[in-house]
Each structure stands twice: as C-alpha cells, then as structure tokens.
Amino acid sequence: MAVERYNAKETEPRWQEVWSERELFRTHNDDPRPKYYVLEMFPYPSGRIHMGHVRNYTMGDVVARYKRARGFNVLHPMGWDAFGMPAENAAMQNKVHPKEWTYANIATMRKQLKSMGLSLDWSREIATCDPSYYKHQQRMFLDFLEAGLVARKTAKVNWDPVDQTVLANEQVIDGRGWRSGALVEQRELTQWFFKITDFAADLDARLDTLDRWPEKVRLMQRNWIGRSEGLLVRFALDPATTPAGEDTLEIYTTRPDTLFGAKFLAVAPDHPLAKAAAAKAPELAAFIEECRRMGTAQEAIDKAEKLGFDTGIRATHPFDPDWQLPVYVANFILMEYGTGAIFGCPAHDQRDLDFVNRYGLGNTPVVCPPGQDPATFAITDEAYDGEGTLINSRFLDGMTIAAAKEEVARRLEAETRGNRPVAERKVNYRLRDWGISRQRYWGCPIPVIHCANCGVVPVPREDLPVTLPEDVSFDQPGNPLDRHAEWLKVPCPTCRAEARRETDTMDTFVDSSWYFARFTDPKLDDAPTDPEVADSWLPVDQYIGGIEHAILHLLYSRFFTRAMRRADLVGLDEPFDGLFTQGMVVHETYRDRAGNWVQPNEVRIETEAGSRRAFHVKTSEPVEIGSIEKMSKSKKNTVDPDDIIASYGADTARWFMLSDSPPERDVIWTEEGVQGAWRFVQRVWRLVSEVAEAGKGSGDVGPLPLRRAAHRALAAVQDDIEDLRFNRAVARIYELANAIGAELQAGKGASATAREATRILVQLIAPMMPHLAEECWRALGQKGLVAEAAWPEVERDLLVEDMITLPVQVNGKKRADVTVARDADNEAIEAAVLSHEAVKRAMEGRPARKVIVVPQRIVNVVA
RNA sequence: GCGGGCGUGGCGAAACGGUAGACGCAGCGGAUUCAAAAUCCGCCGUAGCAAUACGUGUCGGUUCGAGUCCGACCGCCCGCACCA
C-alpha cells in the first residue's frame with residue numbers, strides 16, 4: 001500500500017495555526033495546577049536566529065511540552081535582550097535608527113521562532129528597550145539607591161579618544177580600539193556601581209545550595225567571587241624614613257605563618273603611600289608613571305617583569321622591633337585587591353621570589369616540606385607553597401602551617417598600635433562592585449539629575465520613565481545624549497534650578513538580570529513585579545542557555561534577586577533552581593583554492609572510495625575541507641535555520657538537534673545527519689499510516705513483547721527527558737520504532753498492541769517533533785490534540801520479565817548465558833550455571849571456588 | 001602558572017563497579033526496480049576459515065569482576081590569570 005510522503009512544509013504552519021487559535025500555550029497565573037517555569041536565555045535581536053538558538057529553544061520546548069503533558073501549569077515565555085551596541089553600530093553604518101533597526105530585527109526573529117513550532121506564551125513577550133520595561137528598571141535603580149546598594153565612584157576605564165567612548169575589555173585589541181584603531185587610554189571616570197560586593201559572602205555561600213547547577217559553573221562563580229581568609233597586619237613605619245602624616249602600613253596576607261620569612265613590603269603604584277613618597281622623589285614619580293603606562297597595554301601585562309622601586313621607607317617587623325624591612329613600590333601589586341599592599345615572603349611565593357632575585361634581597365625558607373632536612377632545605381628559583389613544618393621562625397618552629405597562622409593571628413590581635421590591634425582576621429573577596437555606567441545611547445537611562453546646587457538628585461518616581469529621545473544622530477563620535485541640549489535640560493527636582501540629566505545608560509546586563517521575574521506578570525504597569533505572583537512562579541525550574549554566561553549574567557541575576565528582595569519585590573533566595581548549559585553547534589569549514597571561506601550551501605560533497613571530497617557548486621572547483629569549528633560568519637560555516645526549515649521542516653531540525661550528541665557537548669551539524677533525521681520523520685509517518693490503515697480490521701490483542709518494548713521505551717524516555725538526556729531518549733525512540741516496524745513486517749500491524757505501541761511512539765515524539773506528532777495523532781483517529789493529551793502511564797508490570805537471561809562469567813570473562821525464572825533462588829541459578837556446557841569447558845575441570853550471583857544482573861564463577 | 005573537564009569502532013556516541021560498542025551516520029552485501037531514487041532485509045572493533053585471542057590514551061593498583069574507583073604519566077579542550 002502506498003503511503004503519501006509527509007509534507008512538513010504544508011503541515012507545520014497548519015498546526016501552528018491551530019495551537020495559536022486555541023491559545024494552547026497561553027499561561028494563566030490563576031491556574032491551580034502545580035507550576036513549572038522553563039526558560040531559555042532570551043536572544044539579542046541581532047537580525048536572524050542561528051542554529052545555536054534552534055538548539056537552545058528546542059531543548060527548552062521539549063521540557064515545556066513534556067511538563068505540560070505531565071499536568072503542570074507551564075510558564076514558557078520569550079522576549080528580547082534588545083538594548084546594546086550593535087544597534088548603534090548599525091545606526092552609524094547604515095543610517096538607521098537603533099530603535100527601528102531593533103524592532104525590525106525582532107519582527108524577523110519572532111517570525112523565525114514561530115516557524116519552529118515552539119510552545120511559547122507569546123502574550124508575555126517583552127523587549128528590554130521598551131519604556132514599559134525599562135521604566136521599572138529605573139524604579140528599581142531608585143529602590144536600590146535608597147537601600148544603599150548603589151555607589152558613585154571613580155574607576156579606570158578604557159577610553160577610545162577617537163570614538164570618544166568607553167570600551168569593554170574585549171573591545172581593546174593590542175591596546176587599540178577595535179573600531180577606530182586608536183591607542184586606548186586609561187581614564188578615571190566617575191561611574192555608577194551596584195554594590196554586588198555587599199552580597200559577596202551570601203553569593204559565595206549559597207552556591208552550595210544550587211545542586212541542580214553544573215558543578216563547573218558553580219566553580220567558575222566561586223573562583224570569580226574569590227573568597228580568601230587572611231590577616232590584615234599593620235606595620236609601623238620608621239618616622240625617620242617616612243613622609244609626614246604616614247606612620248602605618250596596612251597589608252593583607254593569607255600567609256601570616258610566613259611572617260618570619262619576610263624580606264620586603266610592597267605597595268601598589270597608586271597606593272597613597274606611594275604617592276606621598278613620590279612627592280619628594282622625582283625618580284619614584286617617574287617609575288610610578290611608567291607603571292601606569294604599562295597598565296594600558298593589556299597584552300603587555302602577561303609578560304611584564306616584576307619591577308619595583310625602593311621608597312627608602314623602612315617598616316618594623318611586628319614581632320621584632322629591631323628588624324627593619326624596606327618598602328617598595330611594585331608594579332605587580334594591585335590597588336584594587338586587599339589593601340593594595342603586601343609583605344613579601346620570597347621562599348613561599350613565586351612572585352615575591354622573582355622580585356627578590358631581581359633586587360638581591362635574598363630569601364629565608366620558613367616552611368620545610370615533609371621529608372626534607374631543615375638544615376639544608378633551600379630555595380633558589382622555585383618557591384615552595386605546599387604543606388610542611390615551620391622553621392627559622394622562632395616561636396612558630398615545629399608548627400604546621402595552620403597552627404602557625406592561628407598563633408600569629410592570636411598574638412598580633414592582642415597587641416595594639418595606637419588604638420587599633422596590630423592585626424585583624426579578614427575575609428577578602430576578589431569580586432569587585434559592578435560598574436553599570438555606559439557612555440552610550442541605546443540603553444536604559446540612569447534616572448538621576450545633576451544640579452549645581454543640590455548635587456546628584458534622583459528623578460522623582462512620578463516622573464519615570466526617563467525615556468530616550470528619538471531625534472538623535474550618529475554622525476559624530478561620542479554619546480548622542482551628550483549633544484541633545486533639549487533632553488539634557490531639566491529643572492532640579494529639589495531646588496527647581498536648571499539642571500542636567502545623567503547621560504550614562506545602564507550596562508545591558510542590568511536588563512537581563514530581572515527579565516525572568518518580569519515574565520511572571522509582564523503587563524503589570526505600576527511595579528516591576530507583583531511579589532505574590534513572582535514568588536508563585538519563581539525560582540525558574542529549568543533555565544537553559546550557553547556556558548558563556550556562566551559567570552556574569554548568572555551572578556548579576558543572583559545579585560538582582562537579592563537586591564529585589566531587599567526592595568520587597570520578590571521573596572526568594574535564588575532565581576534559578578535548575579541550570580543547564582548547552583553546547584555549541586559546530587560545522588566543517590571549507591576554503592577554495594584562493595583561500596576564501598566557502599559556505600556549506602555552496603559546497604557539494606562527494607564520497608569516493610571512502611574518502612570525502614568537496615567541490616564548489618557553481619564552479620565545480622575542488623574545495624578544501626577544513627576543521628570543524630563553531631558556526632561563525634567570519635568562517636562562513638553557518639547554516640541558516642530558515643533554509644533548513646524550508647527544505648526539511650522544523651521537526652527535522654529539532655530532531656537532529658536533539659539526537660546526535662549529549663546536549664551539554666558540541667553538536668556537529670552535518671548534511672547526512674539532517675537527512676537521517678528527515679528519513680526518520682518519514683519513517684514515523686509511514687509506520688503510523690500503515691498501523692492506522694491496518695488497525696481498522698482486527699481487534700486482536702497482539703504479542704506481549706511489543707507491549708513490553710513500548711512501555712520500556714516510555715519509562716526510559718520520560719526518565720531521560722527529566723534529566724535532559726535527549727540523545728538517549730532519541731535512541732530509545734528509535735528502538736521502539738524499530739520494534740513496531742518489525743511487527744508490521746511480520747504482518748501484525750492490525751493488533752491492539754501495535755496500535756497502543758504506535759500511540760505511545762507518537763506521544764514520545766510529541767515534545768520533540770510536535771507538528772509530525774499532531775498529524776500522526778489525527779491519523780490514528782485520536783481525539784483532540786496530542787499537545788493537550790496527558791502523558792501515558794507506564795504499566796510497571798510490563799517492565800519485569802518472568803524469565804531472565806543472566807550472563808555468566810568464569811573468572812571475569814563472559815562464557816555463557818543462562819535463562820532462569822525471575823525469582824529463581826541462588827541455589828537454582830548456581831546449579832543451572834555449573835551444569836552449562838560452555839561453563840564447564842571454561843572451568844577446565846577445576847572446581848568452582850566461589851559463585852557470585854548479582855541478583856537480576858550477572859553470575860561470576862571463580863574457578 | 002592555577003583550577004576544571006575529557007580521551008571508547010571510519011564518525012557522533014551508549015554502558016547503577018556486572019555481557020564494551022545500544023541508537024544513529026557513513027560503508028558493504030542482498031531484495032524490489034527496465035534503471036535509479038525511495039523503501040525493506042542482512043553485515044559492520046581488530047586478527048583469524050574457525051574455535052578463539054586481543055581490544056575503552058599509556059603504565060601500575062584495588063576488586064570475584066574496571067571504560068567506570070585509586071595513583072602516576074601522555075594528549076586535547078575550557079575557565080581564570082600578578083587577587084598576596
């Protein structure tokens with residue numbers, strides 16, 4: 001019987017229309033069912049979706065559709081991370097307004113996403129560039145300001161003197177601006193900061209509770225926060241050598257145990273003591289200036305040698321009034337960390353060792369590794385930072401490192417210098433406050449006003465939003481807001497005098513730090529969230545996105561959750577309960593004879609004698625097949641989702657994305673793989689059609705093995721989807737399809753069992769290939785939509801067999817199989833095993849010394 | 001340099017410490033066809049006619065039994081990078 005081919009192109013839009021008309025994926029906040037919030041990282045509207053989006057959103061959609069079938073009230077929204085630089089770049093290059101460009105891109109991408117058949121609640125769509133979104137962000141800025149979570153302070157930035165703009169670190173290439181090519185300067189600008197460091201301890205501690213996050217991401221965050229326990233030590237400075245007004249130097253150390261190995265103290269070039277000392281020492285001032293210049297060339301830092309300059313200042317060792325240490329200014333000390341000053345113990349710190357070896361300050365080992373003789377243990381080029389026993393350290397000798405740290409802290413805490421203790425225990429963090437100021441147009445305006453009389457004044461809440469003016473031009477360098485006289489001018493809210501608006505806009509990471517909360521009630525006008533609604537949905541049960549956001553986006557969102565909690569906008573601890581980071585989509589690269597990259601759709605692959613060769617479609621010239629790389633425009637190894645959907649359909653693209661590789665690993669996009677997926681689509685359709693046709697006849701129950709296979713597949717697939725192991729689920733589905741196919745081959749397609757197995761097959765593919773599943777559902781004569789159908793129940797009884805086949809090993813090598821009753825006791829199994837011919841042969845007449853029976857799994861005979 | 005991860009057929013990959021290679025891709029053989037495409041059936045780690053032997057980066061260990069656990073090494077990938 002001839003079955004018509006499945007026509008995805010015709011079918012897919014039809015079902016999308018049906019879902020949309022019935023508002024199947026519209027979620028209601030008052031739905032009484034248990035909630036499930038699945039979210040994929042929302043896209044930047046760059047113009048068109050790419051394969052990475054297809055993979056990301058397919059995974060989320062499988063979870064959403066599966067959870068819906070399991071009876072959850074699923075929230076699965078979509079929006080746009082719509083502020084950012086590319087819109088301004090487009091404005092400069094193409095003379096199109098950022099807003100116009102952005103919304104045109106959104107329209108294109110929305111259409112593309114809809115063609116994928118994603119079960120999204122489009123009624124909750126948001127765009128961060130819309131005043132109805134960012135006005136709440138401005139309100140929260142004011143909330144945070146009141147709560148003391150916002151700071152205004154100076155910070156070093158990369159300044160491009162030609163474009164007159166601040167550059168992100170990754171926009172500085174070899175010390176030059178990526179666009180202008182101008183030498184980038186380090187400038188001190190007054191900037192707005194969110195005080196994320198206020199939450200450093202909690203952000204660190206609560207990582208332990210995120211057990212549904214990848215360990216890797218937690219580790220990256222932990223390293224980024226960089227908690228360290230140490231000691232703040234105050235060194236007395238010799239007045240004879242020290243500039244007036246200075247008498248103490250505070251240093252931070254995590255190795256107070258090595259205090260007797262100290263050879264010098266060092267401060268950062270921009271440390272106040274360095275500046276004070278430089279005032280009367282021109283050479284020192286010149287050295288400091290040199291350090292500052294070296295700082296600008298980012299790349300140079302890697303290779304920079306440890307340089308220092310003796311200030312002439314002498315400090316007194318806290319345990320010995322007669323022991324003086326020189327104070328250096330050194331280029332490797334960071335003002336931003338700790339106190340910007342250290343004591344150097346060269347024997348046990350590589351940087352300090354490099355430093356003293358250059359300046360001839362010597363070293364004294366104070367920790368002796370186990371098994372080494374303290375009398376002869378010496379350090380030359382390599383510092384020792386391992387465990388050991390204290391030596392050369394007076395009262396610390398013989399102690400462990402931990403004991404010595406404790407002893408030093410205990411003694412110095414008890415002593416005082418002036419009215420303060422000589423030392424204090426201090427927990428330090430590497431994490432810095434989050435600078436949110438951007439000297440850019442296309443971002444959320446920071447709602448403050450600068451008044452000559454009153455200083456910085458917040459914009460009154462009733463005046464929000466501060467909207468971006470639309471009549472701006474990008475024909476000059478710099479921020480258009482700075483040039484917009486009319487927009488800038490505003491009366492001071494306090495004294496009514498003429499004042500000036502803040503022209504900095506917010507980092508776009510701010511926009512994406514709370515969108516997941518906004519989705520819970522996206523139309524709410526008078527507040528960012530309804531705390532009750534937000535708390536009913538949050539945390540996000542499953543968040544899915546790229547590993548590239550492992551640190552910043554996720555950390556900022558965690559900060560925002562805490563800050564919003566302080567402003568009574570949410571009541572939760574952590575925003576994302578489950579996190580999954582998916583791998584990239586990669587593809588072969590191709591180059592023609594001239595070395596130009598060639599796009600995959602311009603390449604024809606031929607296989608000859610087992611080797612693959614590529615040719616240009618138009619010219620038929622040979623093309624070199626290169627390495628497999630992340631899809632990128634520069635290497636032209638991209639595949640356009642639109643093309644794939646047009647030629648194979650969305651279901652094929654979705655299926656391939658799920659089938660080949662584990663989801664956290666990169667997936668290689670291949671033409672053969674897509675065709676394989678497409679063949680499977682056709683095969684399912686054929687199986688279903690044949691079963692549908694045959695099924696009209698007999699009411700025969702049918703064979704048990706197929707029932708078992710169907711329910712085994714069902715049980716396995718649901719477990720796999722719960723664990724996001726889509727590739728395994730796909731394999732199980734193939735197995736079931738194979739089993740049904742064999743049944744049809746045997747002419748038993750008319751049985752009730754075949755129909756049941758086929759119905760289960762359709763339900764298993766429904767989260768992955770929803771359009772095909774609907775078409776099959778209807779062909780099988782099922783009522784309603786498969787997208788609305790409840791997930792089938794596993795019949796547990798079918799998962800256990802009456803007779804089981806156990807593999808038999810002799811001395812660890814497999815020699816035979818025995819089939820026994822499932823509930824056979826060990827004696828019976830042993831008897832069956834030892835009488836087996838192949839087992840006897842393998843035992844070569846030796847007696848069985850021991851028989852290990854692992855219930856339901858295996859038997860091992862030790863002979 | 002520090003931290004983390006990963007090494008399994010021609011390829012993507014499976015495998016609660018228990019039959020290594022499920023499932024897919026590619027390939028090979030056959031059926032169908034005037035022929036092809038599509039489809040269906042079979043084979044498909046290496047060596048061997050076979051019985052069998054050997055096989056999860058290398059070397060060692062634990063165990064009745066190791067791809068899986070432990071130690072050392074080799075290779076690749078990622079993150080951080082003067083954080084005291």
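Lettering of chains follows the sequences in order, A, B, ..., and the numbering in each one begins at 1.
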Fill in: Presence of A/S659 side-chain N/O under 4.0 Å of B/rC23 phosphate oxygens OP1/OP2
no

Worksheet entry | Syn/anti state of B/rG45 by chi, 90° boundary around 0 | anti

Worksheet entry | P-based separation of B/rG57 from B/rC11 [nearest Å] | 13 Å

Worksheet entry | Verdict with supporting geometry, A/R683 and A/N738, side chain to side chain donor-acceptor pair (under 3.5 Å) | CA-CA 10 Å; A/R683 180 138 168 264; A/N738 290 345; 2.6 Å; yes

Worksheet item: In whole Å, what separates the C1' atom of B/rC64 from that of B/rC69?
Response: 16 Å

Worksheet item: Going through the checks in order, is the side chain to side chain donor-acceptor pair (under 3.5 Å) test met by A/T254 and A/K405?
Response: CA-CA 9 Å; A/T254 55; A/K405 280 181 181 174; 6.0 Å; no

Worksheet entry | Smallest separation among heavy atoms of A/G386 and A/I401, with atom names | O-CD1, 3.4 Å

Practice prompt. Classify the nucleic acid contact of A/G338 as base, sugar-phosphate or nothing, counting any heavy atom under 4.0 Å across all strands shown.
Written response: nothing

Worksheet item: Does the side chain of A/R725 get closer than 4.0 angstrom to OP1 or OP2 of B/rA13 through an N or O atom?
Response: no

Practice prompt. Answer whether the closest heavy-atom distance between the side chains of A/K306 and A/R358 falls below 4.5 Å.
Written response: no

Response to the item:
Residues A/E229 and A/V427: closest non-hydrogen pair is CG-CG2, 4.1 Å

Discussion item. Using the C1' atom as the point on both nucleotides, what is the distance between B/rG45 and B/rG10, in whole Å?
Written reply: 11 Å

Item to complete: Look at the side chain of A/L334 and decide which nucleotide, out of B/rA53, B/rA84, B/rA14, has an atom nearest to it.
Response: B/rA84

Worksheet entry | Proximity to the side chain of A/N223 - top-ranked nucleotide from B/rG18, B/rG3, B/rA13 | B/rG3

Worksheet entry | Heavy-atom pair with the smallest gap, counting every atom of A/L579 and A/L554 | CD2-CD1, 3.6 Å

Practice prompt. Kindly indicate whether the side chain of A/R5 and the base of B/rA38 share any N or O donor-acceptor pair separated by less than 3.5 Å?
Written response: no

Worksheet item: Contact class for A/V862 vs. all strands (heavy atom < 4.0 Å): base, sugar-phosphate, or nothing?
Response: sugar-phosphate

Discussion item. Applying a 4.0 Å non-hydrogen cut-off, can you work out what A/E672 is touching in the nucleic acid: base, sugar-phosphate, or nothing?
Written reply: sugar-phosphate

Discussion item. Taking only the P atom of each, what is the distance from B/rU63 to B/rA14 in whole angstrom?
Written reply: 31 Å

Discussion item. Measure CZ/A/R425 against P/B/rA84 and give the value in whole Å, please.
Written reply: 18 Å

Fill in: Gap in Å between the two C1' atoms, one belonging to B/rG7 and one to B/rA51, rounded
34 Å

Worksheet item: Could you give the CD1-to-P distance, from A/I733 to B/rC23, as a whole number of Å?
Response: 15 Å

Discussion item. Counting the atoms with a prime plus P, OP1 and OP2 as sugar-phosphate, which does A/E336 contact under 4.0 Å by heavy atoms, base, sugar-phosphate, or nothing?
Written reply: nothing

Worksheet entry | Summary of ring-ring contact (aromatic ring centres under 6.0 Å, His included) pairs that have at least one residue in residues 330-351 of chain A, sequence neighbours excluded | A/F332-A/F355

Practice prompt. For nucleotides B/rU39 and B/rC49, find the distance between their C1' atoms and express it as a whole number of Å.
Written response: 35 Å

Discussion item. Heavy atoms only, 4.0 Å cut-off, all strands: where does A/R679 land among base, sugar-phosphate and nothing?
Written reply: sugar-phosphate

Practice prompt. Could you check which nucleotide pairs with B/rA13 in any of the strands shown, counting Watson-Crick or G-U wobble with both distances under 3.5 Å?
Written response: none

Fill in: Distance, C1' atom - from B/rU8 to B/rC2, rounded to whole angstrom
30 Å

Worksheet item: B/rC80, B/rC64, B/rC40: which one has an atom nearest the side-chain heavy atoms of A/I551?
Response: B/rC80

Fill in: Candidate nucleotides B/rA13, B/rC80, B/rC78, ranked by approach to the side chain of A/K216 - the nearest
B/rC78

Discussion item. Let's see if you can work this out: which of B/rU39, B/rA14, B/rG65 has an atom nearest to the side-chain heavy atoms of A/R686?
Written reply: B/rU39

Worksheet entry | Touch class at under 4.0 angstrom, heavy-atom based, for A/R815 against every strand present | sugar-phosphate

Worksheet, complete the sentence: For B/rC43, the nucleotide meeting Watson-Crick or G-U wobble distances (both under 3.5 Å) is B/rG27

Worksheet item: Is B/rG7 paired to anything, Watson-Crick or G-U wobble with both distances less than 3.5 Å, and if yes, which nucleotide?
Response: B/rC74

Practice prompt. Compare side-chain N and O positions of A/N738 against OP1 and OP2 of B/rG24 and report whether any pair is under 4.0 Å apart.
Written response: yes

Discussion item. Partner lookup for B/rG67, please. Criteria are Watson-Crick or G-U wobble with both distances under 3.5 angstrom; report none if nothing qualifies.
Written reply: none

Discussion item. On the nucleotide B/rC64, are OP1 or OP2 found under 4.0 Å from the side-chain N or O atoms that A/N811 carries?
Written reply: no

Item to complete: Report yes if a side-chain nitrogen or oxygen of A/Y337 is closer than 4.0 Å to either non-bridging phosphate oxygen (OP1 or OP2) of B/rA84; otherwise report no.
Response: yes

Worksheet item: Heavy atoms under 4.0 Å, any strand shown: does A/T670 hit a base, just sugar-phosphate, or nothing?
Response: nothing

Item to complete: Could you tell me whether A/I333 contacts a base, only the sugar-phosphate backbone, or nothing, with contacts defined as non-hydrogen atoms closer than 4.0 Å?
Response: base

Discussion item. Over all strands shown, is A/D354 touching base, sugar-phosphate only, or nothing at heavy-atom distances under 4.0 angstrom?
Written reply: nothing

Practice prompt. Output yes when at least one side-chain N/O atom of A/R683 is less than 4.0 Å from OP1 or OP2 of B/rC40, else no.
Written response: yes

Worksheet item: In whole angstrom, what separates A/W224's CH2 from B/rC2's C1'?
Response: 15 Å

Discussion item. What is the separation between atom CG on A/L431 and atom P on B/rC80, rounded to the nearest whole Å?
Written reply: 15 Å

Discussion item. Just checking A/K840: does its NZ atom have more than 12 heavy atoms from other residues, nucleotides or ligands closer to it than 6.0 angstrom?
Written reply: yes

Practice prompt. Using atom CZ of A/F235 as one end and atom C1' of B/rA84 as the other, report the distance to the nearest whole Å.
Written response: 12 Å

Discussion item. Just to be sure I understand the rule, does A/N860 reach a base, reach only the sugar-phosphate, or reach nothing, if contact means heavy atoms closer than 4.0 Å?
Written reply: base

Worksheet item: Does A/Q682 or A/I342 map to a spot on RNA chain B nearer the 5' end, using the closest nucleotide for each?
Response: A/Q682

Discussion item. Could you tell me how far apart A/M220 (CE) and B/rC78 (C1') are, to the nearest whole angstrom?
Written reply: 8 Å

Fill in: Nearest-0.5 Å distance, CZ of residue A/F656 to CD1 of residue A/I644
9.5 Å

Worksheet entry | Strand-adjacent residues in residues 257-271 of chain A, judged by heavy atoms under 4.0 Å from RNA chain B | none

Practice prompt. Can you sort out the partners of A/R857 under side chain to side chain contact (heavy atoms under 4.5 Å, CB included), two or more places apart, ordered by chain and number?
Written response: A/V854

Worksheet item: Does a side-chain heavy-atom distance below 4.5 Å link A/P346 with A/L361?
Response: no

Item to complete: Measure from CD1 on A/I628 to P on B/rC77 and round the result to the nearest Å.
Response: 14 Å

Practice prompt. Check every strand shown and say whether A/L219 touches a base, only sugar-phosphate, or nothing at a heavy-atom separation below 4.0 Å.
Written response: sugar-phosphate

Worksheet, complete the sentence: Of A/K813 and A/A731, the one whose closest nucleotide on RNA chain B sits nearer the 5' end is A/A731

Discussion item. Without decimals, in angstroms, what is the distance between A/R430 CZ and B/rA84 P?
Written reply: 9 Å

Fill in: Rounded C1' spacing from B/rA53 to B/rG42 in Å
26 Å

Worksheet item: With under 30° as parallel and over 60° as perpendicular, where do the rings of A/Y328 and A/F264 fit, or are they tilted in between?
Response: perpendicular

Item to complete: For B/rC77, take OP1 and OP2 only and decide whether either is under 4.0 Å from a side-chain N or O of A/R665.
Response: no

